[in-house]
Amino acid sequence: MNKNKLTTSWGAPVGDNQNSMTAGSRGPTLIQDVHLLEKLAHFNRERVPERVVHAKGAGAHGYFEVTQDLTKYTKADFLSEVGKRTPMFIRFSTVAGENGSSDTVRDPRGFAVKFYTEEGNYDLVGNNTPVFFIRDAIKFPDFIHTQKRHPQTHLKNPNAVWDFWSLSPESLHQVTILMSDRGIPATLRHMHGFGSHTFKWVNAEGQGVWVKYHFKTEQGVQNLAPDVAAQLAGENPDYHTEDLFNAIDQGDFPAWKLCVQIMPLEDANTYRFDPFDVTKVWSQKDYPLIEVGRMVLDRNPDNYFAEVEQATFSPGTLVPGIEVSPDKMLQGRLFAYADAHRYRVGANHNSLPINRPKAEVNNYQRDGQMRSDNNGGSSVYYEPNSFSGPTETPHNKPASYEVSGAADSVAYDHDDHYTQAGDLYRLLSVEERERLVQTIVGAMKPVEKDEIKLRQIGHFYKADPEYGKGVAAGLGLSIPE
Ligand code: NDP
């Protein structure tokens, strides 16, 4: 085929792409110019709905290589032998801003990895922070509303942000991370990534352990000072996107060590924090990091829309040997992420090239909008059947586990929202603490109601009295009773 010959979307040669067909040289334009109609109509449909959260993103391809044998903990095929390489794709993002918003804002960064394993895709859909603001998915839409725009002014609204946080003290740990130096990474390469939730690993004997994931940047952690970040946000809103693309383009491939923390199942009943509560970490003194492998990003996407915008990640995209935990935030995300993609990209989003597993897909799902493969052809389209269609493999059933308690809408038993936020504060250097307090004071100043500020100061105080006093002094308020 002659690649230089311009065609319509139905493949016919185009005679004129400069002038629309008109009645005489002055017009009006004729509706029979279907090339014009198709061109304008397709243009109107160029956007898919942007993600409600994590709209602004940058992606890259790479590989994951196993560096340590952990088969005693998991039968996951892609972790089965040292040296095994699995292709992967990552999408980094900010959370609150729209698709065209600035990269260098203070916000958690999405850190979503898709491993194309031989036993199907595995998505690890985390952030650059080990914890999250809330721990029950029922609060997620409300929380995100506070991060988005005011319904009347269409402006960001610090009143809503701090009202919600002060009334949801489980957010304190993540708020402290966000307001610390690490709240604005220098680049996407200079930050850690975390699976954040607790997952379960299951080995070939069916024995399980709880697991948390840490991607440790080999570039070192580096952050942007707020004034530099603000300047960059104006001068080059795509600073992080550009940095990642250029680094890979120049052969400076960023890499992360993947480490895990492993907790015996029975420890979950006695650990001093609820290990499924995503607002908490597991202390590394209790559960030290164990290296599993290394992730290297070595190829830029060829096409942003096809690969980065249409990439769909879901924490429920799991492979044998990796299972979920009861984490209430994770449980909600198991629904919300896949559902967002069915709405945004379509019911057949998994068959797009960027999402399509390298492993063979055999099932009885058929039809739906934009089904673009052969739709199962003439093969049997229901199960069970007598025609040798694909059948289940019972050894791949998730491990069973005991549950107890009454079905009820209840909070986690543990509600210590302060110790770990305080531990983080105390881990910071004096200068880091000063900058943390300064950032919080700057962020809280526009809040109109003292009631909200005082409630939040109370939380900082409970984490560490010095922390609370610092913020109170900066805001010209005294510590509440
Ligand atoms: P450890 O001393 O064993 O670990 C401290 C952790 O904090 C390390 O992961 C370290 O990662 C990280 N860290 C160091 N400096 C900073 C910083 N300025 N901002 C954010 N994180 C930093 O202590 P624990 O495991 O008992 O945790 C103590 C506190 O550390 C926690 O309350 C939590 O806030 C924070 N933390 C804990 C993590 C965990 O998984 N346990 C993970 C990240 C933070 P590194 O040196 O690589 O930067």
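Both counts, for ligands and for their atoms, begin at 1 and track the order of listing. Everything numeric in this text was worked out from a predicted model, so none of it was measured.
Under the 4.5 Å side-chain criterion, counting only non-hydrogen atoms from C-beta, Thr71 is not in contact with Tyr73.
Regarding atom 41 (N) of ligand 1, its nearest protein heavy-atom neighbour is Trp282 O, 2.9 Å. Shortest contact from atom 10 (C) of ligand 1 to any protein heavy atom: Lys216 NZ, 4.6 Å. With hydrogens left out, the protein atom closest to atom 7 (O) of ligand 1 is Leu427 CD1, 3.8 Å, a heavy atom. Ranking protein heavy atoms by distance to atom 23 (O) of ligand 1, first place goes to Lys285 NZ, 3.0 Å. The nearest protein atom to atom 31 (C) of ligand 1, hydrogens excluded, is given as Val281 CG2, 3.8 Å; this is a heavy-atom distance. Looking only at protein heavy atoms, the nearest one to atom 40 (O) of ligand 1 is His214 CE1, 3.0 Å. In this structure, the protein non-hydrogen atom closest to atom 34 (O) of ligand 1 is His173 NE2, 2.6 Å. At the top of the distance list for atom 32 (O) of ligand 1, counting protein heavy atoms only, stands Gln420 O, 3.0 Å.
Ligand-side atoms of ligand 1 in range of Pro130: 42 (C), 43 (C), range being under 4.0 angstrom from any heavy atom. Atom numbering of ligand 1 starts at 1 in the shown order; those under 4.0 Å from a heavy atom of Asp423 are 32 (O). Heavy-atom proximity to His192, at under 4.0 Å, picks out these atoms of ligand 1: 45 (P), 47 (O), 48 (O).
Counting only heavy atoms, the protein never gets under 4.0 Å from atom 36 (N) of ligand 1. Counting only heavy atoms, the protein gets under 4.0 Å from atom 1 (P) of ligand 1. For atom 19 (N) of ligand 1, the nearest protein heavy atom lies closer than 4.0 Å.
Here Lys212 has no heavy atoms under 4.0 Å from ligand 1, in either its backbone or its side chain. Only the side chain of Leu428 comes within 4.0 Å of ligand 1, counting heavy atoms alone; its backbone N, CA, C and O stay farther away.
Residues His173 and Thr176 have side chains that never bring a donor and an acceptor to within less than 3.5 angstrom of each other. With hydrogens and angles left out, the side-chain atoms of Ser180 and Glu432 include no donor and acceptor closer than 3.5 Å. For the residue pair Gln207/Asn203, the side-chain donor-acceptor check at 3.5 Å is satisfied. Side-chain N/O atoms of Thr279 and Glu170 include no donor and acceptor closer than 3.5 Å. His214 and Gln261 share a side-chain donor-acceptor pair at under 3.5 Å.
Annotation: Trp256 is in aromatic contact with Phe111 [ring centroid separation under 6.0 Å]. Remark: aromatic rings of Trp210 and Tyr287 are distant, center separation not under 6.0 Å.
Among Arg182, Gln284, Gln174, the residue whose heavy atom lies nearest to atom 8 (C) of ligand 1 is Gln284.
Paired with Tyr467 under the rule ring-ring contact (aromatic ring centres under 6.0 Å, His included), one option of Tyr418, Phe460, Tyr461 passes, and it is Phe460.
Within a 6.0 Å sphere centred on CG of Leu265, other residues, nucleotides and ligands contribute more than 12 heavy atoms.
Checked by distance only, ligand 1 and Ser283 come closer than 3.5 Å through their nitrogen or oxygen atoms.
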CA sep, side-chain torsions, deciding dist, call: Trp165, Phe133, ring pair (Phe, Tyr, Trp, His ring centres under 6.0 Å)
CA-CA 8 Å; Trp165 283 343; Phe133 297 94; 5.5 Å; yes
